[in-house]
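Residues: numbered from 1 along the sequence shown.
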Amino acid sequence: NDEIEPIHIGEVEDIEKLSVENFEYEEVDYAIFHLESGFFATQGHCHCEDNAFISEGSVEDEEVECASCGKIYSIVSGDPINDEESLPLKIYDVSEEDGNLYLNL
């Protein structure tokens with residue numbers, strides 16, 4: 001079982017508080033969130049027909065709304081909020097060390 005090295009996302013100050021940025025690694029998109037409660041990461045695209053970027057959605061508290069379909073997800077758990085039939089978003093761990101952010105896949 002090979003342990004995967006954390007992927008350097010950038011520095012803490014690169015992502016403004018209460019915002020979301022798209023991060024691409026090996027042709028896969030991730031959404032990186034900076035909330036009041038810390039840093040979080042989800043898959044980069046919504047499950048909707050348009051496969052919209054999560055980073056283009058609007059963030060409020062610990063929820064993100066897809067700019068295309070309007071589905072709302074918990075950023076912390078990935079669970080759908082307003083459409084319980086929807087698949088949850090995949091969640092990834094983000095760690096912070098010496099002012100740097102790392103995505104743990």
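Taking the side chain as every heavy atom from C-beta outward, Leu35 and Ile75 approach each other to under 4.5 Å. Residues Val20 and Val64 are not in side-chain contact: their nearest non-hydrogen atoms beyond the backbone lie 4.5 Å or more apart. Annotation: side chain of Val76 is in contact with side chain of Phe40 (closest heavy-atom distance under 4.5 Å). Between Ser77 and Pro88 the shortest side-chain heavy-atom distance does not fall below 4.5 Å. Side-chain contact between Ser55 and Glu21 is absent, with no heavy-atom pair separated by less than 4.5 Å.
Hydrophobic clustering, with ILVMFWY side chains joined whenever heavy atoms are under 4.5 angstrom apart, groups Leu101 together with Leu105.
No donor-acceptor pair under 3.5 Å is formed between the side chain of Glu11 and the backbone N or O of Glu13. A donor-acceptor pair under 3.5 Å is absent between the side-chain atoms of Ser86 and the main chain of Asp83, judged by distance alone. Under the 3.5 Å distance criterion, the side-chain polar atoms of His45 are matched with a main-chain donor or acceptor of Asn51. Of the possible donor and acceptor atoms, one in the side chain of Gln43 sits under 3.5 Å from a partner among the backbone N and O of Lys90.
With sequence neighbours excluded, no residue satisfies salt bridge (Lys or Arg N to Asp or Glu O under 4.0 Å) with Glu26.
Between Ile54 and Ala31 the shortest heavy-atom distance is CG2-CB, 3.7 Å.
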Apply salt bridge (Lys or Arg N to Asp or Glu O under 4.0 Å) to the pair Lys17 and Glu36, showing each step before the final yes or no.
-> CA-CA 7 Å; Lys17 197 170 268 193; Glu36 290 288 352; 3.8 Å; yes
Given Phe23 and Asp29, is the side-chain contact (heavy atoms from CB on, under 4.5 Å) satisfied, shown in steps?
-> CA-CA 6 Å; Phe23 177 74; Asp29 291 299; over 6 Å; no
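Glu62 and Ser74 are not linked by any side-chain donor-acceptor pair at a separation below 3.5 angstrom, with hydrogens and angles left out of the test.
Pairs passing the side-chain hydrogen bond (donor to acceptor under 3.5 Å, both in side chains) check and including a residue from residues 96-105, sequence neighbours excluded, read His8-Asn100, Asp93-Asn104, Ser95-Asn104. The ring-ring contact (aromatic ring centres under 6.0 Å, His included) pairs that include a residue from residues 55-101 are Tyr30-Tyr92, where partners are two or more places apart or lie in different chains.
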